[in-house]
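Below, chains carry the letters A, B, ... as their sequence lines are ordered, and counting in each starts from 1.
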Amino acid sequence: MLVADEHATTELDPPALAAAIAAREHEAPEPPRWVWSDTARWYPDLLAAGVRVERCHDLRLVDQLLAGVDGRPTDPRLARAVEPTRLPLAAPQADALFEVEPADATPVVPADGARDAGQREPAPLVDVAAAQRADLARERGPGLPTPRDLALLAAAESAGALAAVEMHHVGLPWSAEHHDALLTELLGPRPASLGARPERLQALATEVEHRLDAASGTVPLDSPPELVRALRRAGLDVSSSRSWELKRLDHPAIEPLLRYKKLSRLLTANGWHWLEQNVRDGRFRPSYVPGGVVTGRWGSDGGGALQLPKLVRSAVRADPGWVLVVADAAQLEPRILAALSNDAAMARAGAGVDLYQGIVDSGAVASREHAKLGMLGAMYGGTTGQSARVLPRLQRVFPQAIRFVEDAARAGERGERVRTRLGRTSPQPSEEWHERQLVAASDGASEAQRAAARSEARSWGRFTRNFVVQGTAAEWALSWMAGVRRRLWSPSGGPLASQPHLAYFLHDELIVHAPRERAGDVELALRAAAADAGRLLFGDSPVGFPITVAVVERYSDAK
DNA sequence: ATTCAGCGCGCC
DNA sequence: AGGGCGCGCTGAAT
């Protein structure tokens, strides 16, 4: 293992680090768990050097996690701003979940060529690692996360970080040629001059102007506030230019306007410019940010990896002789809710592959659409429309599940924190939030203050309501992905890109890029890992987590 | 000239 | 007015 702190003069260049890690990566019975400050900082160079790491412990991600659990600030020693340029720490730990005290507790094991560095005073990050180990092992008491669950979450989070770097490294196969053809078909040829409208878009703009009896070039289609004013001048009663609001209007200009907005969106978000910026050598390399969202979901950083419109997915094409194995967890969030709440009736409704259809068959609601709307409303805190109308029926049939989300909402409204299955903890509402709640509850509060505070409390309640479900779904997805990743990799299979590998992740969906003859293995791996994830989170709960799997050449051909 | 909030919409 | 995001654009603020 290798240590260099800010005083050390020995610098491990990426090749030396890669060699040191590669030498120990295939140890039996289990490969080491490398401990380092930041997977995103160190792993790309290793992959570039051809070294694939099986397991790691990401100090920054776990610190972020534990800080949330214990309501303390994150460790400043792990702030990105102070990231040393030299290797901070890479300690192999043999214990699977990082909570077992190793025989040799000192995490300093000099590797060849790094003895000088290793024998120095331990770097601060070694202390961070030791503190984290103790933190993970701490019994927090009833109702609080257990060492087992937090260790599992730390491992899943870290595995996700590895997968994220690997997916960026390998990339999603993307045909720029087909993307361009798609754009040309929908928008017209790419304009020669920057900023000019493609001809199909211009034709729609002209049509809108014509139908509004406006002069050419006078309707500002790309500026929402001005567009609203223009529409109002034309006698249309609109308060915004949102599509769903425009859809309600009966006016000949609306149809081309909506088509314009749709295509304009395609052009600006995923048009030629995006293609040039984000697709190289037949690959789109998603930039994921593990732990980037409070709920534990991943975020993305440039490229919009988590917002790929369905419209452009036909450009995602497997290499010749290869396929995309596209897997999707079926109705993940309601299933998560059923398992979290131990709702036996909902578990029965989910016995088949389609939980929403199961709800219909239970007699709770009349249609699959109602079941879906109602469940989404229950998990998001919807209070109006169709979803609110269906809710009472769901409540009668699935009282335990509905009570679970209601409890989470009430806790949030009181300013309490809530937790996911593995212990990720929601943030505390701001000081100001608490302050306004207190003021509103006092005698001198105005009616307006009370109403505002009530609304704010409800809003936070909707957040905590959703947090438990979305956050636990994220945990399931991480566990799933980690299991798939572990099953796919073979040390004898050559470089990552030459064997079946994860290529894309989207909250409850995975794409594996694989040689066609391996598609069967991959499907088995995906299904086995999904079953494992359910057991890891919920033990012997009757709730299943079926996935749909499609073996396709184009992403758009899945489901 | 640059930064920022709000809008609108893409994904789950 | 239902939760979580990212991103490009606009127009106002700096």
Which of [range] have a heavy atom under 4.0 Å from DNA chain C?
{"range": "residues 397-429 of chain A", "value": "none"}
{"range": "residues 448-468 of chain A", "value": "R462(A), F463(A), N466(A)"}
{"range": "residues 159-182 of chain A", "value": "none"}

Positive for salt bridge (charged side-chain N to carboxylate O under 4.0 Å, His left out) with E413(A), one of R465(A), R458(A), R462(A)
R458(A)
Is there a donor in the side chain of [X] and an acceptor in the side chain of [Y], or the other way round, less than 3.5 Å apart?
{"X": "E209(A)", "Y": "T218(A)", "answer": "no"}
{"X": "Q64(A)", "Y": "T74(A)", "answer": "no"}
{"X": "R265(A)", "Y": "Y260(A)", "answer": "no"}
{"X": "D301(A)", "Y": "S287(A)", "answer": "no"}

How long is the line joining [atom1] of [X] and [atom2] of [N], in whole Å?
{"X": "D508(A)", "N": "dC5(C)", "atom1": "CG", "atom2": "P", "result": "17 Å"}
{"X": "M379(A)", "N": "dG4(C)", "atom1": "CE", "atom2": "C1'", "result": "13 Å"}
{"X": "Q331(A)", "N": "dC12(B)", "atom1": "CD", "atom2": "C1'", "result": "14 Å"}
{"X": "Y288(A)", "N": "dC7(C)", "atom1": "OH", "atom2": "P", "result": "13 Å"}
{"X": "L510(A)", "N": "dC12(B)", "atom1": "CG", "atom2": "P", "result": "14 Å"}
{"X": "L506(A)", "N": "dG6(C)", "atom1": "CG", "atom2": "P", "result": "14 Å"}
{"X": "L306(A)", "N": "dG3(C)", "atom1": "CG", "atom2": "P", "result": "20 Å"}
{"X": "L332(A)", "N": "dG4(C)", "atom1": "CG", "atom2": "P", "result": "18 Å"}

When the side chains of residues 471-480 of chain A are checked against the rest of the protein, which donor-acceptor pairs come out under 3.5 Å, sequence neighbours left out?
residue, atom, partner, partner atom, Å
T472(A), OG1, R421(A), N, 3.1
T472(A), OG1, V468(A), O, 2.6
E475(A), OE1, T420(A), OG1, 3.4
E475(A), OE1, L422(A), N, 3.1
E475(A), OE2, T420(A), OG1, 2.4
S479(A), OG, E475(A), O, 2.9
W480(A), NE1, L526(A), O, 3.0

What's the closest nucleotide to the V294(A) side chain, out of dG2(C), dC5(C), dC12(B)?
dC5(C)
Winner on side-chain proximity to Q307(A), out of dA1(C), dC9(B), dG6(C), is dG6(C)
Taking only the side-chain nitrogens and oxygens of [X], find out if one of them lies under 4.0 Å from OP1 or OP2 of [N].
{"X": "T295(A)", "N": "dG3(C)", "result": "no"}
{"X": "K262(A)", "N": "dG8(B)", "result": "no"}
{"X": "K261(A)", "N": "dG8(B)", "result": "no"}
{"X": "S241(A)", "N": "dG8(B)", "result": "yes"}

Base dC12(B) to side chain R297(A), donor-acceptor N/O within 3.5 Å cut-off
yes
For [X], all residues meeting side-chain hydrogen bond (donor to acceptor under 3.5 Å, both in side chains), sequence neighbours excluded:
{"X": "E456(A)", "answer": "R436(A)"}
{"X": "H178(A)", "answer": "S175(A), R317(A)"}
{"X": "E255(A)", "answer": "R259(A)"}
{"X": "S367(A)", "answer": "H370(A)"}

Scan [X] against the nucleic acid and name what it touches under 4.0 Å (heavy atoms): base, sugar-phosphate only, or nothing.
{"X": "G471(A)", "value": "nothing"}
{"X": "V469(A)", "value": "nothing"}
{"X": "L376(A)", "value": "base"}
{"X": "N270(A)", "value": "nothing"}
{"X": "G304(A)", "value": "sugar-phosphate"}
{"X": "S387(A)", "value": "base"}

Report all interatomic pairs (protein N or O, nucleotide N or O of nucleotides 12-14 of chain C) with separations under 3.5 Å.
none

Can you establish whether the number of heavy atoms outside E177(A) located under 6.0 Å from its atom CD is more than 12?
no
Using the P atom as the reference point in each nucleotide, state the distance between dG2(C) and dA5(B) in Å, no decimals.
25 Å
Please check if the side chain of W274(A) supplies one atom and the backbone of G303(A) the other of a donor-acceptor pair under 3.5 Å.
yes
Taken to the nearest 0.5 Å, the spacing of E416(A) CD from T464(A) OG1 works out to 9.5 Å
Look at the rings of Y504(A) and Y288(A) and say which category their plane angle falls in: under 30° parallel, 30 to 60° tilted, over 60° perpendicular.
tilted
Hey, what's the ring geometry for W174(A) with F284(A), parallel, tilted or perpendicular (30° and 60° as the breaks)?
perpendicular
Listed pairs, N/O of protein and of nucleotides 8-10 of chain C, under 3.5 Å:
residue, atom, partner, partner atom, Å
dT10(C), O3', S223(A), OG, 3.0

Hey, could you give me each pair passing side chain to side chain donor-acceptor pair (under 3.5 Å) that has a residue in residues 390-403 of chain A? Not counting sequence neighbours.
none
Salt bridge check: are D63(A) and R72(A) linked by an N-O gap of less than 4.0 Å?
yes
Is the aromatic ring centre of Y380(A) closer than 5.5 Å to the centre of the six-membered base ring of dG3(C), with the two planes inclined by less than 30°?
yes
Among residues at least two apart in sequence or on other chains, which ones pass side chain to side chain contact (heavy atoms under 4.5 Å, CB included) with E199(A)?
P189(A)
